[in-house]
Every structure is written in C-alpha cells, then in structure tokens.
Asks: 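One structure follows; several queries about it will come next.
Each ligand, and each atom within it, is numbered from 1 in the order the structure gives.
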Amino acid sequence: MIKLTKRQDEILQIVKQNGPITGKEIADKLSLSRAALRPDLAILTMSGSLDARPRVGYFFNEKIKVKRQAERFLYQKVNDYKALPIVVGKSTSVYDAIVQLFLEDVGTLYAVDTDGHLAGVISRKDLLRTSLGNRDLNELPVSVIMTRMPNIITINPEETLLEAAKKMIQNHIDSLPVVKEMDGQRNTYLLVGRITKTTITRAYLEIMDEKSD
Ligand code: ADP
C-alpha cells in the first residue's frame, strides 16, 4: 500500500465529499492550477484510489476501500486481538470444569500443570461426551479427558489472524491457545491468551465497519 502525501490526502477527501468532481474544480478548491495537480491525480487514479470518467470527473473508488480493509484485516496480529485464556488446573474435576465453562461463558478451557504451562484443551464436546458415561464427574480429573500436549495446535502472538483462521479451519477446532515457547524446552509453553472463531468474526466486523478509510 502506498503512503499518500498531504496533498494527495486532501484531494482524496475533496473527491470523497464532492465527487464526481472535475479536475478544474478540485484545483480551484486547493487554489492550485490544474497542471500542478496533474501528477497527484495520476498517482491517485493509477493506485486505484480514484476513478475518472470523461465528462463526469473524478470519484472515490469504494471498491479499493473495501480491498484495503480486507487486507488490513488479514494481517492483524494475534497479539492485538487475543482474549484472556480461561484456565483450570489439570487435576480439576470434570464437574468443576463444566461449572467453570458456564461461569466464564466460554466454549473451551485450557488445563495447565503445576508450573502454569499449557497441558491440555477441554472443549464443550469433550465434557458432554464424558457426561454421557456413568462416571462420577466429581472424581474424574480433566487430565483424563483433555486433548494433551504434544497434540495441541497453538499460535504465537506474532502470527496473524489469517494464520489463526487457517489453523482453526484446517484442524476443525474452535479455538487456539496463544503461547510463548519456553527457552530451549520443546513443547513447553506459557499460555498468554486465546483466539476463537468469535475473535476472528469480531475483528472482521470492527475493521469492515470502520468509517474512515
Ligand atoms: P467442540 O468439541 O465443543 O466442538 P472443538 O471443535 O474446539 O470444540 O474441539 C474438537 C476437539 O478438538 C476436542 O476433542 C478438543 O479437545 C480438541 N481441540 C480443541 N482445540 C484444540 C487445539 N487448539 N489443539 C488441539 N486440539 C484441540
């Protein structure tokens, strides 16, 4: 994406508010000659920000705005959108985990070991499946039913929302723990957040709904 100069930005604003507008009218508003404006108008039309129609004038290209928003959305960093992870100890009972799920209003819990490192993922269906058996949910620790390391799909804070979305779709899962790898220790992660399909939808709405370009 090119960075606009102050004058190009002014032209863009004028066209946004007044378009379609002729080159002469834009020049008058800026107290410049048409010739002085020509290079800026050429850059703005070539970059796709403005469209020009003979005998009509210049007008703002709404499509490029949407394209830019979509690009911006794709490359947002996980770090800027991650939510707080909802965590239980891995010896927590399945019963307490279910209560926690309701209290926190989330779909997935993360289990940590005594060092606070990521140990497992417990989803709604993991809990439902367990509840269908005749087991005593108060006696059963989540460590028995969770998806555990090294099978957990993770994401790190510097990756993009696009990468997060791909990982969730490709692995048929609703959320990803956001982690930082502990120095030199393979599969030992510090849990710093979570990304869910809702996070992606919210980010999409926020960016596509922005009024300014
Ligand atoms: P649900 O089971 O409620 O539909 P998910 O689709 O997220 O929720 O989970 C499907 C299965 O994948 C569950 O068994 C869950 O433990 C596991 N799972 C969820 N998230 C992850 C993850 N990030 N990495 C590995 N497995 C996961």
Side-chain angles (χ1 to χ4, degrees), residues 70-209:
E71 268 173 16
R72 196 152 67 216
F73 162 67
L74 292 177
Y75 299 112
Q76 293 297 309
K77 288 274 194 295
V78 160
N79 198 37
D80 297 327
Y81 287 87
K82 65 183 187 317
L84 278 180
I86 307 301
V87 170
V88 292
K90 64 181 184 182
S91 58
T92 305
S93 72
V94 169
Y95 185 96
D96 286 343
I98 294 173
V99 172
Q100 193 72 2
L101 199 80
F102 281 103
L103 284 178
E104 300 285 354
D105 195 16
V106 288
T108 310
L109 299 170
Y110 298 121
V112 290
D113 62 24
T114 43
D115 296 332
H117 298 145
L118 179 64
V121 176
I122 310 138
S123 76
R124 269 184 285 232
K125 269 187 233 141
D126 293 333
L127 293 167
L128 267 179
R129 190 183 308 112
T130 312
S131 310
L132 286 177
N134 281 328
R135 303 209 257 182
D136 183 352
L137 302 183
N138 277 301
E139 295 301 321
L140 192 63
V142 290
S143 56
V144 176
I145 68 154
M146 67 193 190
T147 300
R148 58 179 62 76
M149 292 302 290
N151 299 324
I152 303 178
I153 316 290
T154 61
I155 191 133
N156 74 55
E158 293 311 312
E159 288 184 84
T160 62
L161 289 187
L162 176 62
E163 283 153 335
K166 274 190 193 156
K167 282 187 180 185
M168 284 192 278
I169 294 298
Q170 282 164 359
N171 294 286
H172 308 280
I173 50 179
D174 293 346
S175 87
L176 297 168
V178 182
V179 297
K180 285 187 178 156
E181 195 156 358
M182 303 297 289
D183 286 340
Q185 301 179 52
R186 264 189 86 233
N187 289 331
T188 308
Y189 296 120
L190 195 65
L191 186 60
V192 296
R194 76 189 151 100
I195 290 281
T196 67
K197 286 180 179 171
T198 307
T199 319
I200 306 282
T201 314
R202 188 178 301 123
Y204 179 79
L205 266 187
E206 262 177 39
I207 291 170
M208 300 311 269
D209 248 9

Asks: Could an N or O of ligand 1 be found under 3.5 Å from any N or O of Pro177, whether backbone or side chain?
Replies: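 No, Pro177 has no N/O under 3.5 Å of an N/O on ligand 1.
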
Asks: Going by the order shown, which atoms of ligand 1 are within less than 4.0 Å of some heavy atom of Ser175?
Replies: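 Counting from 1, the qualifying ligand atoms are 20 (N), 23 (N).
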
Asks: Is Gly107 close enough to touch ligand 1? Criterion: a residue heavy atom under 4.0 Å from a ligand atom.
Replies: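 Outside the 4.0 Å threshold, so no.
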
Asks: One residue to check: Ile122. Relative to ligand 1, which of side chain, backbone, both or neither has a non-hydrogen atom less than 4.0 Å away?
Replies: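 Within the 4.0 Å criterion, Ile122 makes no contact with ligand 1.
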
Asks: State the atoms of ligand 1, each with its element, that fall below the 4.0 Å cut-off from a heavy-atom position in Ile152.
Replies: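 Matching atoms, with element in brackets: 24 (N), 25 (C).
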
Asks: Search all heavy atoms of Met182 against all heavy atoms of Leu190 and return the closest pair with its distance.
Replies: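 Distance-wise, the nearest heavy atoms are SD-CB, 3.9 Å.
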
Asks: Who are the side-chain hydrogen bond (donor to acceptor under 3.5 Å, both in side chains) partners of Tyr189, not counting sequence neighbours?
Replies: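 side-chain hydrogen bond (donor to acceptor under 3.5 Å, both in side chains) list for Tyr189, sorted by chain: empty.
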
Asks: For the backbone of Pro177 and the side chain of Arg194, can you confirm whether one donor and one acceptor N or O come within less than 3.5 Å of each other?
Replies: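 Checking the backbone N and O of Pro177 against the side chain of Arg194, no donor-acceptor pair under 3.5 Å is found.
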
Asks: What closest approach, in Å, do Lys180 and Pro157 show between heavy atoms, and which atom pair accounts for it?
Replies: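 Nearest pair, atom of Lys180 first, then Pro157: CE-CG, 4.1 Å.
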
Asks: Pull out every atom of ligand 1 sitting under 4.0 Å from any heavy atom of Arg124, numbered as shown with elements.
Replies: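 Every atom of ligand 1 under 4.0 Å from some heavy atom of Arg124: 3 (O).
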
Asks: Check whether Asn156 reaches the backbone of Glu158 with its side chain - one donor and one acceptor, N or O, closer than 3.5 Å.
Replies: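 Confirmed, Asn156 side chain pairs with Glu158 backbone.
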
Asks: Atoms of ligand 1 less than 4.0 Å from His172 heavy atoms?
Replies: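 Under 4.0 Å from His172, ligand 1 has these atoms: 6 (O).
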
Asks: Is the count of non-hydrogen atoms from other residues, nucleotides or ligands lying under 6.0 Å from Phe73 atom CZ greater than 12?
Replies: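 Atom CZ in Phe73 is packed in, count exceeds 12.
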
Asks: Looking only at distance, does Asp126 have an N or O less than 3.5 Å from an N or O of ligand 1?
Replies: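 Yes, at least one N or O pair falls under 3.5 Å.
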
Asks: Within a 6.0 Å radius of atom OH on Tyr81, are there more than 12 heavy atoms belonging to other residues, nucleotides or ligands?
Replies: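 Atom OH in Tyr81 is crowded, with more than 12 foreign heavy atoms closer than 6.0 Å.
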
Asks: Is any N or O atom of Thr108, backbone or side chain, closer than 3.5 Å to an N or O atom of ligand 1?
Replies: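 Not met; the criterion fails.
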
Asks: For atom 8 (O) of ligand 1, what's the nearest protein heavy-atom neighbour? Residue, atom name and distance, please.
Replies: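 For atom 8 (O) of ligand 1, the nearest protein heavy atom is Ser123 CB, 3.4 Å.
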
